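Data first, discussion second: the structure below is written as structure tokens.
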Amino acid sequence: MSDAAEPPRPTFAETLSQLLTTRSFGKPLHFFSTIDSTNVYAARLAREGASAGTVVIADEQTGGKGRLGRSWISPPGVNLYLSLILRPPVTTAVAPQLNLLAAVAVADAILEVSSLTPSIKWPNDVLVDGKKVCGILAEMQTGAGVLQSVVLGIGVNVNAPLSAFPPELHDKASSLFLVGGCMLDRAAFTAALLTHLEKFYVLWLEQGFLAIRPAWERHAAALIGRDITVAAPEGTIAGVVLGLDSDGALLLQERNDGMPRRVLAGDVTVIGGYARGEQS
Ligand code: BT5
């Protein structure tokens with residue numbers, strides 16, 4: 001007997017399209033088996049006039065981008081690499097709040113599809129068990145000084161095995177599969193993520209960042225009260241995390257002088273590790 005009569009299994013993109021109950025996020029959906037970077041492609045679509053809600057997903061990236069010229073390891077067939085085009089009517093100073101909004105949506109999606117407890121590390125990482133499982137890269141397109149669009153890029157290590165990461169990342173990167181011990185359905189995870197993203201985005205447009213802050217602080221509870229250093233553009237800042245300001249800036253009590261301090265950008269290192277005793 002041949003098994004030629006077996007119907008083909010639906011692809012990731014087909015299953016995702018069936019699962020999506022969002023109003024505009026993921027509509028349309030552009031899916032690639034391999035691409036250099038979903039953010040690069042989405043930025044091109046945005047420049048050509050693609051509507052807000054357009055999503056680009058790839059099964060593999062050959063040039064996945066992190067922040068500040070860093071790269072994002074993007075092995076095929078196991079993870080999520082997604083870029084969402086948005087056109088919020090806000091200034092370029094406000095748009096970076098989308099990084100924080102996306103981190104909350106990723107954390108909620110992880111809670112929905114797994115029994116894991118995600119933690120947000122300001123501004124744009126989601127960790128599980130002290131290791132990074134998600135990175136977020138929001139890139140703005142402007143014209144005549146005005147924000148035209150934002151490409152919100154999200155990479156989530158869903159089912160990656162340890163061998164997918166180079167040895168230098170073994171201490172600080174992980175996947176939902178590696179921590180939880182079971183493979184997750186990537187389409188179901190992606191549908192949950194887009195649903196949470198759309199919900200928080202609408203809330204943000206209607207009520208501003210203050211409406212997102214409680215959920216962010218709940219998911220970042222492990223960071224609040226911790227001793228950290230931030231490699232910020234203006235230099236390294238050390239202090240204790242007090243919380244988030246009303247616009248998404250990180251609030252610290254500075255170690256040197258005990259004064260409150262707002263931090264707008266940078267890379268956080270938690271003294272003693274994020275999950276105590278681990279590297280961050
Ligand atoms: C980020 O940058 O965390 C943003 C990553 C955004 C990736 C998405 S995937 C879809 C979309 N298309 C793109 O091309 N990019 C976006 P950053 O905070 O700079 O962190 C980068 C650092 O994280 C690297 O220098 C490594 O140390 C580490 N890293 C690289 N790949 C990783 C991975 N898969 N998992 C965990 N850590 C990783």
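Since the model is a prediction, treat every value here as computed from it, not as a measurement. Counting convention: from 1, in listed order, for ligands and their atoms alike.
- At the shortest separation from atom 26 (C) of ligand 1 among protein heavy atoms lies L169 CD2, 3.7 Å.
- Around atom 30 (C) of ligand 1, the closest heavy atom drawn from S71, G135, G66 belongs to S71.
- In the hydrophobic clustering of ILVMFWY residues, with side-chain heavy atoms under 4.5 Å counting as a link, I85 and L152 come out apart.
- Expressed to the nearest 0.5 Å, how far CH2 of W122 lies from CD1 of I228 amounts to 8.0 Å.
- Counted by atom type alone, S33 and D59 present zero donor-acceptor pairs between their side chains at under 3.5 Å.
- For ligand 1, the atoms sitting less than 4.0 Å from at least one non-hydrogen atom of T38 are 10 (C), 11 (C), 12 (N), numbered in the order shown with element in parentheses.
- Close approach of ligand 1 to K172 is summarised as follows: ligand atoms under 4.0 Å from at least one heavy atom of the residue are 27 (O).
- Distances from ligand 1 to the non-hydrogen atoms of L68 include no value under 4.0 Å.
- Relative orientation of the F31 and F12 rings is perpendicular, given thresholds of 30° and 60° on the angle between their planes.
- The protein heavy atom nearest to atom 34 (N) of ligand 1 is I73 O, 3.0 Å.
- Look at E168 and you'll find every heavy atom at least 4.0 Å from all atoms of ligand 1.
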Begin with the C-alpha distance, continue with both residues' side-chain angles, and end with the deciding distance and a verdict on salt bridge (charged side-chain N to carboxylate O under 4.0 Å, His left out) for K65 and D36. CA-CA 9 Å; K65 297 201 302 175; D36 52 355; over 6 Å; no
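- Counting only N and O atoms by type, the side chains of Y81 and N79 include a donor and acceptor under 3.5 Å apart.
- Of all the heavy atoms of N124, the ones lying under 4.0 Å from any atom of ligand 1 belong exclusively to the side chain.
- Q141 and S149 share a side-chain donor-acceptor pair at under 3.5 Å.
- Residue G64 has at least one heavy-atom neighbour below 4.0 Å for each of these atoms of ligand 1: 14 (O).
- Looking at atom 2 (O) of ligand 1, its nearest protein heavy atom turns out to be R67 N, 3.1 Å.
- Every atom of ligand 1 is numbered from 1 in the order shown, and the set under 4.0 Å from a heavy atom of A173 is 35 (N), 36 (C), 37 (N).
- Protein heavy atom nearest atom 6 (C) of ligand 1, with residue, atom name and distance: K65 O, 3.4 Å.
- Using modelled atom types and a 3.5 Å distance limit, the side chains of W72 and Q61 yield no donor-acceptor pair.
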Salt bridge (charged side-chain N to carboxylate O under 4.0 Å, His left out) between D267 and R70, worked out: CA-CA 12 Å; D267 284 312; R70 295 188 282 240; 3.1 Å; yes
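- Under a 4.0 Å criterion applied to the non-hydrogen atoms of L82, ligand 1 contributes the atoms 10 (C).
- Between the side chain of D245 and the backbone N or O of D247, no donor-acceptor pair lies under 3.5 Å.
- Looking only at protein heavy atoms, the nearest one to atom 20 (O) of ligand 1 is K132 NZ, 3.0 Å.
- Looking only at heavy atoms of the protein, atom 9 (S) of ligand 1 is closest to Q61 NE2, 3.4 Å.
- Atom 5 (C) of ligand 1 has as its closest protein heavy atom W72 CE3, 3.5 Å.
- Distance alone, capped at 3.5 Å, places no donor-acceptor pair between the R255 side chain and the T229 backbone.
- The single protein non-hydrogen atom nearest to atom 35 (N) of ligand 1 is N157 ND2, 2.8 Å, given as residue, atom name and distance.
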